[in-house]
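Okay, so here's the structure we're looking at.
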2 protein chains.
Amino acid sequence: MKKKPEVTAQTRQNLIDAFWTLYCEKRIEKITIKEITQKAGYNRGTFYEYFTDVYDVLESIESSLIPTLDELPPVSTTTGTLGMPLDMFLKLYKQNNQYYSVLLGDNGDPAFASKLKNSIKPTIMEVFVGKNDVNQKELDYILEYTLSAMIGIMSYWFKQQTDDITSDKLFELIYRLMEQGVMKQLPFMSSEKV
Amino acid sequence: MKKKPEVTAQTRQNLIDAFWTLYCEKRIEKITIKEITQKAGYNRGTFYEYFTDVYDVLESIESSLIPTLDELPPVSTTTGTLGMPLDMFLKLYKQNNQYYSVLLGDNGDPAFASKLKNSIKPTIMEVFVGKNDVNQKELDYILEYTLSAMIGIMSYWFKQQTDDITSDKLFELIYRLMEQGVMKQLPFMSSEKV
DNA sequence: TATAACTATACAACATGTCGTCTTACTGAA
DNA sequence: TTCAGTAAGACGACATGTTGTATAGTTATA
């Protein structure tokens with residue numbers, strides 16, 4: 001008999017969804033397989049047909065959220081190279097908003113941020129490859145700096161998301177910070193109004 | 001009978017040290033109380049005289065690493081307000097290097113970064129209080145952006161710490177990024193040599 | 001009717017948290 | 001100075017719950 005991928009795929013997804021609901025509520029260590037399968041409506045043993053343990057589910061989710069090289073938007077060296085990492089990241093964040101905000105949040109997985117950064121970096125690096133006036137190592141640090149800042153501010157914004165600023169204002173602010181640096185945005189430092 | 005703080009303090013510290021050794025090696029979820037007490041040389045039951053569970057130990061360590069308001073260096077509005085958050089953070093990082101690099105690393109605690117940022121923010125905010133041209137909310141986001149970037153780049157640097165750049169070069173780079181932004185550091189964007 | 005998908009049940013191994021017990025050493029009265 | 005009372009601190013053992021695995025049974029479908 002043929003396998004039934006449409007059935008198993010659904011079951012797998014049900015388990016993932018149940019896990020995710022729990023993961024949004026509490027730390028992974030407090031999630032039991034019993035809970036997951038009960039919520040999803042399966043026998044506990046069924047879980048082991050699909051995953052080895054609870055962490056396996058998380059890894060599976062994370063993998064699906066890390067863009068592969070070919071998925072990332074092609075980098076144009078002509079227009080807006082400046083905003084590239086920002087655009088790239090914001091696009092990803094918007095696409096997977098619900099997952100990113102949890103994984104990058106206070107109860108999330110610190111390793112996920114690294115995975116994400118490391119998946120984006122090469123695409124941006126590519127643009128500068130072969131340019132003889134580019135210090136590769138320094139560029140790497142600049143990207144680490146920028147991506148960390150973006151992940152930080154985006155996650156923070158998402159946490160506040162009540163009466164807070166609009167996403168348009170946020171993006172504009174980020175652009176300004178990248179263009180001009182932090183100092184110019186503050187009083188004492190310049191006459192520019194923040 | 002009097003308590004014996006010199007005894008309990010030592011036991012407590014022994015348990016903390018044993019925990020930390022394990023925490024440097026693996027994720028907290030994989031650390032058992034049995035392991036901790038065995039390494040420290042106590043009965044498993046003794047652990048519960050000092051901590052409620054494994055997370056309690058981590059919290060205890062984290063609390064001791066979060067600077068209280070009065071511990072933070074007094075903020076001078078006259079000199080170098082620009083480098084303030086940077087100086088403050090770098091000082092903290094240097095002081096607690098060993099702990100910070102683990103807690104802020106891939107196997108660390110994402111909540112610790114938030115705690116740290118939130119403990120530093122008010123001190124910096126203070127400088128701008130009452131300035132009528134300061135948008136408090138925007139300032140908050142700018143600080144979140146900056147502190148995230150600094151935590152990110154410092155942690156990354158610490159991870160690489162083999163044949164990598166010196167701390168002096170790193171600090172200089174960070175200053176430059178804060179002063180001038182990211183864009184100016186890249187080719188295409190300006191004629192400045194990175 | 002053969003098989004994929006799932007259920008039901010059971011089991012050993014191990015971690016957890018609790019509780020009663022033991023040990024040691026300080027205390028103060030003789 | 002001595003020594004029994006006492007309590008802090010550490011220990012050993014227990015009940016409970018989870019994990020991963022194994023095996024037999026049920027349902028539906030092609």
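Just the heavy atoms: all of them, side chains too, but no hydrogens, waters or symmetry mates, feed the values below. Every chain is numbered from 1 and lettered A, B, ... according to where its sequence line falls, protein lines coming before strand lines.
- In summary, the aromatic rings of Y93(B) and F89(B) are positioned with their centroids under 6.0 Å apart.
- Residues forming a side-chain contact (heavy atoms from CB on, under 4.5 Å) with E25(B) (at least two apart in sequence, or on another chain): T21(B), L22(B).
- The side chain of T46(A) lies closest to dC6(C), out of dG9(D), dA10(D), dC6(C).
- Between N43(B) and dG12(D), a side-chain N or O to OP1/OP2 separation shorter than 4.0 Å is present.
- Note: CD1 (I28(B)) to P (dA15(C)) measures 16 Å, nearest angstrom.
- For dA5(C), neither phosphate oxygen OP1 nor OP2 lies less than 4.0 angstrom from any side-chain nitrogen or oxygen of Y50(A).
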Between the protein and nucleotides 16-21 of chain C, list the N/O to N/O atom pairs that are separated by less than 3.5 angstrom.
unit_1, atom_1, unit_2, atom_2, d
dT16(C), OP2, I33(B), N, 3.2
dG17(C), OP2, Y48(B), OH, 2.9
dG17(C), N7, R44(B), NH1, 3.2
dG17(C), N7, R44(B), NH2, 3.3
dG17(C), O6, R44(B), NH2, 2.4

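- Rounded to an integer number of Å, the gap from CD of Q38(B) to C1' of dC14(C) is 13 Å.
- Judged as a side chain to side chain donor-acceptor pair (under 3.5 Å), and not counting sequence neighbours, the contacts of E172(B) are R176(B).
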List the atom pairs, with distances to 0.1 Å, where a side-chain N or O of residues 51-58 of chain B and a protein N or O form a donor-acceptor pair under 3.5 Å, not counting sequence neighbours.
unit_1, atom_1, unit_2, atom_2, d
D53(B), OD1, Y55(B), N, 3.2
D53(B), OD1, D56(B), N, 3.0
Y55(B), OH, E29(A), OE1, 2.5
D56(B), OD2, T52(B), N, 3.0

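- Between the CZ atom of R12(A) and the C1' atom of dA5(C) there is a distance of 16 Å, rounded to whole Å.
- Residue pairs that meet the side chain to side chain donor-acceptor pair (under 3.5 Å) test with at least one member in residues 95-106 of chain B, sequence neighbours left out, are S114(A)-D106(B).
- Residues passing the side-chain contact (heavy atoms from CB on, under 4.5 Å) test with K121(B) are Y156(A), N118(B), D140(B), L143(B), E144(B), L147(B), sequence neighbours excluded.
- One atom, CD of E29(A), and another, P of dC14(C), lie 22 Å apart when rounded to the nearest Å.
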